[in-house]
Structure formats: C-alpha cells, structure tokens
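Since the structure comes first, as structure tokens, the remarks are kept for the end.
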Amino acid sequence: MTIKIFVSHSAVDEKLATALIDCIFSCMVLEDEEVRCTSVPGHKLAIGSDAATILRDDIDETSVVIGLLTNNAIRSSWVLFELGSTWGAKKKIQPLIADDINYNDLPGPLKGKHAAKLSEKKDLIQFISELRTSIKAKPRTPSKIDSAIDNLIKANSAYSQILLSQKAPEKVKTKSEISEPTIAGMKFSELRDILVNEKIKVPAKYSGADKEVEIDLFSLFIGNYTALSDGLQSNWETNSSGGFMYNQLGLKLMPYDLVKFDKLPAAQAKYFKRIVLSANGQKFIAHFKRLKNATN
C-alpha cells in the first residue's frame, strides 16, 4: 500500500509523534499502512528491514512529509537528511513546530516556509484541512476533528511542561562539580575535543543546505546517537543517507570505542554488518546529558 503521509521526527519525541498520529487518524479516514512514523507502533519499519532504503523509497512515493520540529529534531542529522531529500524531490512539506523552537530555528529546507504552531488551534485546523485535501482523505465528523485537535494541543502543552520541569530552579551541580568519567582511556573532555577537531563534509543533498557543509564528528554523534541504538548497516547504498552515516559516523567512531559491531544471526551476518552504540558510547552520551542539564 502506498505511503501517503511520512512524519519526519526525532525518536526522542516519541510521545509527541504518537499524539500527532492519533490526531491525524481521528481527523480523517486512513489505513495504518498509509502512514510512516518510525517511533509509533503500527507505523514502524519491519524488523530486519533496510531502514535507509525503505525510508528513501517512502519519501519518494509519499504525498506529504510532515516535519515535527522540536529542538531534538533540528539537531538530528537524520531529520535534516529526510527534510533535505523531500525538498530536493520537490515534495510537499508541512512543518509543525513545538514550543521549544521558533521560526528562526527552522533548518535550511524550511527557511521562509510558513509553519504551523502546535500550540495554536487555528494553525492546526488549517494544517489538518490542507493535509486531508493533499491526500484526498475522507474527513471524520466535525466534533471528532475538534476534539482531536484539542488533544494534540494538550499533548504539546504536556511536552512544554516537561521542558520547563527540566529547567526548574532546583539545586543542580555545575560543570565543575560533576566528576569527569574516563572513556576509552581518556577523560571525557579530552575525547570530546578530539571528536570536535575531526571534521566531516556533509553533501548538500543530506544537509538540506544549498551547498556542502562541514560538521565536526562530535556534533554528528550527539545529533544522531539515537540512530545508533537501532544500528547502522554496511549494506546500505553508499550514496544514500544511511550509507553516509555508516561510513562517516559509525566507522569513524569505531577507533574511540564509542560504537561496536553488533552480534548478528548467521543468516544476517553473511550479508551485512551493523554498528551500534557500545557501553563506552552510552557512557559518553549519559555524561553529555548530565553536563547539558547542569547548564540549563
């Protein structure tokens, strides 16, 4: 069945993505297989599937790509790859922005585009109406649509409250008070500086920019560590976003013991390798989050 709606989002924002999917299905008549949202049950990729290839094909065939834009999303190279691919294919993009970003934060492919705010009911009414028209879906009753939009606004409000609670003025340790772990035989700060100094050139088709951009390995790692939880596969096409991430993120993190080759069943290991976060990689990310929370 053809994918009609593709939701580009950060895996960290699973609850907000789930609320968006619930709203869409409460507003119009759709089959589960017509919507791709990789964090929401019923709309995920099949286990063992080639994620990069399938997501690329889904974007090629979909009618509309929804960008669920949060601070997590705009720091994710995967989301930027998806939106850049959509922009390059001249597909319709509908941006939705949460309360933790503003219009000035919109990534390259969306600069200058009108975006709907998840906190504004009038924006969401317009968003749902345009989405339904684009995919030619039958609407639900007005009362169901109104209730579904209200629920999405409440979910966005709950998301905002979580952000506020994370910034509550409670006693937290400062950077200098947090003990620095040793990772792969180096202090966290030493390893971080090494990663910052290693530069990677990201082609325009992946970054969503007008030309090739340069990004450091540390930023690429922090922005995409959730992708490493699912794994990066060696059999993804070299010129695909997945192939780029395997070679330019996975393999380049390998010398620092931040990732490892996953142990695969023999039937899979015969055809490809998969790179996932190592224990040291998880330790690195955990300390990065502690430092970030201490300065918020």
Side-chain angles (χ1 to χ4, degrees), residues 2-25 30 32-45 49-98 100-101 103 105-118 123-124 127-128 130-131 134-135 152 155-156 159 202 204-209 220 223-227 229-230 232 236 240-242 244-245:
T2 301
I3 298 292
K4 293 183 177 180
I5 300 172
F6 183 99
V7 180
S8 180
H9 67 292
S10 167
V12 181
D13 299 322
E14 178 182 348
K15 289 186 178 180
L16 196 56
T18 298
L20 172 60
I21 294 299
D22 288 345
C23 178
I24 291 172
F25 275 85
L30 286 166
D32 287 347
E33 296 82 3
E34 293 177 319
V35 177
R36 174 73 71 214
C37 187
T38 55
S39 294
V40 180
H43 310 285
K44 295 183 175 184
L45 299 175
S49 60
D50 185 336
T53 299
I54 291 178
L55 292 179
R56 181 195 62 202
D57 292 344
D58 286 347
I59 290 175
D60 284 343
E61 74 176 30
T62 192
S63 301
V64 180
V65 172
I66 299 172
L68 182 57
L69 302 178
T70 65
N71 202 29
N72 294 320
I74 63 176
R75 290 202 308 264
S76 167
S77 291
W78 272 112
V79 172
L80 295 181
F81 290 160
E82 291 168 353
L83 295 178
S85 297
T86 304
W87 177 81
K90 298 182 180 180
K91 293 280 186 175
K92 182 176 179 62
I93 304 176
Q94 286 191 293
L96 286 175
I97 61 176
D100 59 341
I101 65 170
Y103 294 115
D105 296 322
L106 295 181
L110 303 181
K111 289 291 186 185
K113 285 187 175 290
H114 175 65
K117 290 188 174 182
L118 285 166
D123 282 6
L124 292 179
F127 162 75
I128 289 295
E130 292 177 355
L131 177 62
S134 295
I135 64 173
L152 180 55
N156 175 66
Y159 174 82
V202 182
K205 65 178 179 178
Y206 300 143
S207 68
L220 194 63
N224 296 278
Y225 69 86
T226 53
S229 298
D230 295 327
L232 304 174
W236 290 340
S240 70
S241 58
F244 175 84
M245 294 294 284

Do H43 and D32 have side chains that get closer than 4.5 Å, going by heavy atoms? yes
Give a yes or no on whether the backbone of I66 and the side-chain of S8 come within a donor-acceptor separation of less than 3.5 Å. no
Test item: M245 and N224 side chains (from C-beta on) under 4.5 Å apart, heavy atoms: yes
When the side chains of residues 12-24 are checked against the rest of the protein, which donor-acceptor pairs come out under 3.5 Å, sequence neighbours left out?
residue: D13; atom: OD1; partner: N72; partner atom: ND2; Å: 2.9
residue: D13; atom: OD2; partner: T70; partner atom: OG1; Å: 2.4
residue: T18; atom: OG1; partner: E14; partner atom: O; Å: 2.9

Identify, with sequence neighbours excluded, every residue that meets side-chain hydrogen bond (donor to acceptor under 3.5 Å, both in side chains) alongside K117. none
Flag, side chain of N71 to backbone of D100, donor-acceptor distance under 3.5 Å: no
Once you round to the nearest 0.5 Å, how far does OG1 of T62 lie from CZ of R36? 10.0 Å
Closest non-hydrogen atoms of A116 and F127, given as atom of the first, atom of the second and distance, are CB-CB, 4.4 Å
Between K92 and S63 the two heavy atoms that sit nearest each other are CB-O, 3.8 Å
Just so I know, are the side chains of Y159 and L118 near enough to count as touching, which here means a heavy-atom distance under 4.5 Å? no
Of all heavy-atom pairs linking A115 and D123, the shortest is O-OD2, 4.2 Å
Quickly, which of I93, I135, I3, V7 forms a side chain to side chain contact (heavy atoms under 4.5 Å, CB included) with V64? Name it, please. I135
The reported gap from CG in L152 to CG in L124 (rounded to nearest 0.5 angstrom) is 5.5 Å
When every non-hydrogen atom of K4 is compared with those of L30, the smallest separation belongs to CD-CD2, 4.3 Å
